[in-house]
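Numbered from 1 within each chain, the chains take letters A, B, ... in sequence-line order.
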There are 2 protein chains.
Amino acid sequence: MASDGEAPKGAQTLLNGLALVRLVADGVRDVPTLQERTGLRRSTLYRLVQTLRGEGYLRDTPHGLSLGPTLIELGFGALSSNPLASVAGAHLQALADEVRDTVHLAVEDHGSVLYLVKIPGQRGAEMRSRVGQRMPLTRTGIGKALLLDARERWVERWRAEGPADEAAASPSARRAGEAAEEDFVARMEHYRAGGYSYDMEENEPGIRCVAAPVRDGSDAIVGAVSISATAPYMPAERMRELVPRVQGAAADISAEMGYRGRRR
Amino acid sequence: MASDGEAPKGAQTLLNGLALVRLVADGVRDVPTLQERTGLRRSTLYRLVQTLRGEGYLRDTPHGLSLGPTLIELGFGALSSNPLASVAGAHLQALADEVRDTVHLAVEDHGSVLYLVKIPGQRGAEMRSRVGQRMPLTRTGIGKALLLDARERWVERWRAEGPADEAAASPSARRAGEAAEEDFVARMEHYRAGGYSYDMEENEPGIRCVAAPVRDGSDAIVGAVSISATAPYMPAERMRELVPRVQGAAADISAEMGYRGRRR
DNA sequence: CAATCGCGTCCCATATAGTCGGACGCATGG
DNA sequence: CCATGCGTCCGACTATATGGGACGCGATTG
């Protein structure tokens, strides 16, 4: 409320407090850093931090501030109160046992992929992914599955998540970028027709994945399932074979979510 | 700020917002209910709820309000940034593989047990416990392990958690209650000497457990490990055999937490 | 060893920002 | 058809959060 003319319209004190939680989640460990990140005064910060500590949202460790136990309680509560996650569990486990690779369930939230379930694979290196972690929609197989229906967002999301350097766009880089964008849209069109999606090491070199969307009673995509593994376990042929498997698991979960086949 | 003369001294707006999150976590699903629980006015509530929705702490479902995706993100972040939980993982898995029963890791938080890790057993009925769940300290094996050092809190906690009906205490019930309290203290004294604790179906009929505390570099108890199973799998003899096993796992974790043997 | 710096806490005056109360629109149901 | 309850918006009031500053403390530095 000082530099730029934003209008947060709402409850500043609450927003300020939640902003502190976010900053700590992002690795800020001491109040001075919070001060330079938020612009709030010391006394204000300490009061807010004390309140958050008291409620268990933050806690003190030998190394400084960190997220508190209440968040663990609420986070797992949020997960288990999510019908998708609880309904999907058994189906995902069955899929995981069958394919022996890492299985994920994710939803879209705030323009990114949010993992709800991860079942680590039984071979190869373990993926660094974690439940509660966020990933870009257009770079992951599971994210593309979540976007399948939203043709109008493909380009928008691609551009938002795409170039690491927006400012520095040399003419040649721009040309390459446009080509990549067209390529992305073309692939999405293909996936959309097939009702599945791939990740060919775009997000993480050496990691490939096959994904399919989960739908609910209104036909809307409410989540997605994926199988991921290191490239040696994921030759093109196997990926092709996995498509119906992932789709099967996704269909089972969709059924439990009230999906009764594509209408229209 | 109306009925009783409390002095919340802090940041009301923030506290009000967090109180809403708690209420939703406790099952409140609509604003009218929030109103009667908090005493806040409709307009205030809607503003706070909107803010919390915007930040992903709450979300709307067909059935009303529920905890939002941000809490999943933060909750799992809190867990993985907890040294105890991340360090313990491998040791707990090893223990679980060995004993084939349910293994828990918990800490004390705000006067109750908070589970950080649960590894379901490979036989018998699955326990209903969940990571992020809270349990009474004096009724669970793992809670007693957390209390081992704090002799001065035994009675206090027992009384706080003990009688389901404080008001209605008939003379005879009171007598029985006092006997139970003395019995509890005696058992705790015994456990303290042995460095372990039991749960003989006190918390959940049919469930028994063996637990041991985890310590850090300052000798303080920072957590506890337990093995739980249904009574048929837990005859007295086996519980005795499990004591050194749990203690071993707890010791391994303690070592990683900086524990170097009991000083003093 | 003294002096300085940065952190954490507390207090108080000010005006900002949250609360309240009510009006309005809409859907539901009697 | 009217009545009831939910969700949103608005403006006035003042309760409440803010920020400036004083204080104590421990660590760091000269």
- Task: Examine A:R192 relative to A:W154 and say whether NZ or CZ is less than 6.0 Å from the centre of the six-membered ring and inside a 45° cone about the ring axis.
- Result: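 Verdict for A:W154: no cation-pi partner in A:R192.
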Phosphate-side-chain proximity, [X] and [N], N/O vs OP1/OP2 below 4.0 Å:
| X | N | result |
| --- | --- | --- |
| B:Q12 | C:dG18 | no |
| A:N16 | C:dA17 | no |
| A:T44 | D:dG19 | yes |

Here the distance between atom P of C:dG22 and atom CG of B:L45, to the nearest Å, is 17 Å
**Residues in side-chain contact (heavy atoms from CB on, under 4.5 Å) contact with A:A249, at least two apart in sequence or another chain** =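 With sequence neighbours excluded, A:A249 shows a side-chain contact (heavy atoms from CB on, under 4.5 Å) to A:L95, given in chain and number order.
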I'd like a table of donor-acceptor pairs (distance under 3.5 Å, sequence neighbours excluded) in which one partner is a side-chain atom from residues 30-37 of chain A, with atom names and distances.
from  : atom 1 : to    : atom 2 : distance (Å)
A:D30 : OD1    : A:T33 : N      : 3.1
A:D30 : OD1    : A:T33 : OG1    : 2.3

Picking from D:dT18, D:dG19, C:dC20, the nucleotide nearest the side-chain atoms of A:R41 would be D:dG19
Could you pull out all residues at least two apart from [X] that satisfy side chain to side chain donor-acceptor pair (under 3.5 Å)?
| X | answer |
| --- | --- |
| B:R42 | none |
| A:E204 | A:R128 |
| A:E55 | none |

Protein heavy-atom contacts under 4.0 Å, written 5' to 3' over nucleotides 6-13 of chain D as B (base), S (sugar-phosphate only) or - (none), form the string SBBB----
